[in-house]
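Read the structure below first, then the notes.
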Amino acid sequence: TRLDERAILAAGYFQDDWKVTPRLTLNLGLRYSFFRPFQSVFNKLANVDLWSNPQSPQLVLSSQEPSSKFWETSATNFQPRVGLAYQLLPGKVVLRAGYGIYYPDIKFSPFGDSSSWVVNPPYDVSATSSSGGITPASLLKNGLPSNAATLTSTTPISLAATQINPHWSYVQQFNMNVQYQPVTSWMVQVGFFGTKGTDLSNLIDANYVSALGPGTINQLRRFKSIFVPTSVPGSAGPASGISVSPIGAILETEYEGNIVYDSLQAKVEHHFSTGFSLIGSWIWSKGLTDTRGNSPMGAAPGATVQNMA
């Protein structure tokens, strides 16, 4: 299916230095960014709604909703930045500190991979054929069967879901350090540096196995079937479509992840007369997170539990 996607990313910033006193300088800034998620020129996107009725996921077509409601955006992404430098002992000791809020580029969907909207029917159907190891599933000279990628013959299908009104990810960075120049060309720095990420993206399999038992994994998943509309509900009476069963993974992009990083850092720096510099550093840090990046649960080693049952 041809999509022709369009997205908007607009940003601007203001920054200025203010010398409050001969010993105190402030660095003040404000950045603003606006994201509008991908939209299809031909209005051919589908999202799995896992939230309106958590017991029964629904496929929602982009043609059913206004573009601003299919995946909501935020117009309040203001990112303040502030820094200061204060000479405790002029020419010898300087105290520096900084704080800033950053909105990372949210993971726009679709990207074209298995976790993006472009895999969802009715506009796209992904099929995988397999053989018993002896007899091939098909011969190239015969081509693919005419029903190889139809909803009635392709099972199980995999789906993708993105939170309709997500929390917008943001990261706070902060630091405070003291710089000391004991003699000319030497500088010693000791300080605290930290990062806190909130509402970061996670990729999970929302159609996990709810209870162990006999049968294949797709027979044990919490959702057994889904209705795939082939017409827009309400456009000309009840929606027509097909109920597909069984269904495989539903890769859900959610924005619930968090990360905390704290560190004590020390550095010694020496500048030689020839322009050569020598730097030695030491870092003691601790990081905690519940994010997994783009690896859904069970898809890779270390990607949390293999089975939520």
Side-chain angles (χ1 to χ4, degrees), residues 7 9 33-38 45-60 62 65 68-79 99-120 158-174 194-211 221-223 226 247-262 285-309:
L9 169 59
S33 56
F34 173 78
F35 305 93
R36 194 203 70 178
F38 274 104
L45 290 176
N47 189 22
V48 178
D49 182 0
L50 297 166
W51 305 275
S52 298
N53 183 357
Q55 303 304 317
S56 179
Q58 305 291 325
L59 265 171
V60 179
S62 58
E65 302 283 348
S68 60
K69 294 295 183 181
F70 187 65
W71 190 27
E72 298 184 12
T73 186
S74 173
T76 59
N77 294 337
F78 293 97
Q79 305 160 64
Y99 173 82
I101 295 179
Y102 304 82
Y103 283 88
D105 293 350
I106 198 166
K107 181 186 176 182
F108 286 131
S109 184
F111 270 134
D113 56 21
S114 60
S115 63
S116 65
W117 290 339
V118 296
V119 304
N120 289 333
S158 295
L159 304 166
T162 297
Q163 286 180 325
I164 299 172
N165 186 13
H167 298 149
W168 284 81
S169 307
Y170 67 96
V171 176
Q172 300 175 77
Q173 294 185 355
F174 38 86
T195 299
K196 185 180 187 304
T198 305
D199 296 331
L200 306 181
S201 65
N202 262 334
L203 186 63
I204 68 172
D205 183 358
N207 199 19
Y208 52 83
V209 173
S210 56
R221 293 182 183 274
R222 59 192 291 228
F223 303 127
I226 193 169
I247 56 176
I250 300 178
L251 296 182
E252 174 195 353
T253 302
E254 64 172 15
Y255 296 88
E256 307 289 347
N258 296 276
I259 185 172
V260 176
Y261 172 83
D262 299 314
S285 63
K286 180 179 181 180
L288 297 173
T289 183
D290 59 2
T291 62
R292 296 174 298 276
N294 292 328
S295 180
M297 293 181 293
T304 68
V305 295
Q306 293 280 334
N307 192 309
M308 294 187 67

Side-chain (R222) to main-chain (A206) donor-acceptor, under 3.5 angstrom
yes
Going by the rule side-chain hydrogen bond (donor to acceptor under 3.5 Å, both in side chains), which residues pair with T195 if we only count those two or more places apart in sequence or in a different chain?
none
Quick one: CG on N165 to CH2 on W51, what's the gap to the nearest 0.5 Å?
10.5 Å
Those residues that, when tested against Y99, pass side chain to side chain contact (heavy atoms under 4.5 Å, CB included) (two or more places apart)
V82, I101, Q172, F174
Specify the closest pair of heavy atoms between P57 and I226, including all atoms of both residues, with the distance to one decimal.
O-CG1, 3.8 Å
side-chain hydrogen bond (donor to acceptor under 3.5 Å, both in side chains) involving N47 - partner list, sequence neighbours excluded:
W117
My understanding is that only residues two or more places apart in sequence, or in another chain, count here; which of them pass ring pair (Phe, Tyr, Trp, His ring centres under 6.0 Å) with Y170?
none
Main-chain N/O of N258 paired to T289 side chain as donor or acceptor, under 3.5 Å:
yes
Taking all non-hydrogen atoms of both residues, which atom of F223 and which atom of N207 are closest, and how far apart?
N-OD1, 2.8 Å
Are the side chains of S52 and Q58 in touch, meaning some heavy atoms are under 4.5 Å apart?
no
Counting distance only, does the side-chain N/O of D262 pair as donor-acceptor with the main-chain N or O of K286 below 3.5 Å?
no
A75 and F34: which non-hydrogen atoms are nearest, and at how many Å?
CA-CD1, 4.3 Å
Side chains of F35 and S74: does their closest heavy-atom pair fall under 4.5 Å?
no
Those residues that, when tested against D290, pass side-chain hydrogen bond (donor to acceptor under 3.5 Å, both in side chains) (two or more places apart)
none
Going through the distances and angles, do H167 and E254 end up as a side chain to side chain contact (heavy atoms under 4.5 Å, CB included)?
CA-CA 9 Å; H167 298 149; E254 64 172 15; over 6 Å; no
Distance (rounded to the nearest 0.5 Å) between D49 CG and L59 CG
9.5 Å
Would you say that R221 contacts D205 through its side chain, given a criterion of any heavy-atom pair below 4.5 Å between the two side chains?
yes
Run the side chain to side chain contact (heavy atoms under 4.5 Å, CB included) check on S169 and Y103 step by step: do they pass?
CA-CA 6 Å; S169 307; Y103 283 88; over 6 Å; no
Classify the side-chain pair T162/E252 by whether it contains a donor and acceptor separated by less than 3.5 Å.
no
side-chain hydrogen bond (donor to acceptor under 3.5 Å, both in side chains) filter on Q173, not counting sequence neighbours, yields none
Under 3.5 Å: donor-acceptor pair, side chain of T291, backbone of G257
no
Distance-minimising heavy-atom pair for A46 and N120
O-ND2, 2.8 Å
With a 4.5 Å heavy-atom cut-off, do N77 and W168 have their side chains touching?
yes
Between L159 and L251, is there a side-chain heavy-atom distance shorter than 4.5 Å?
no
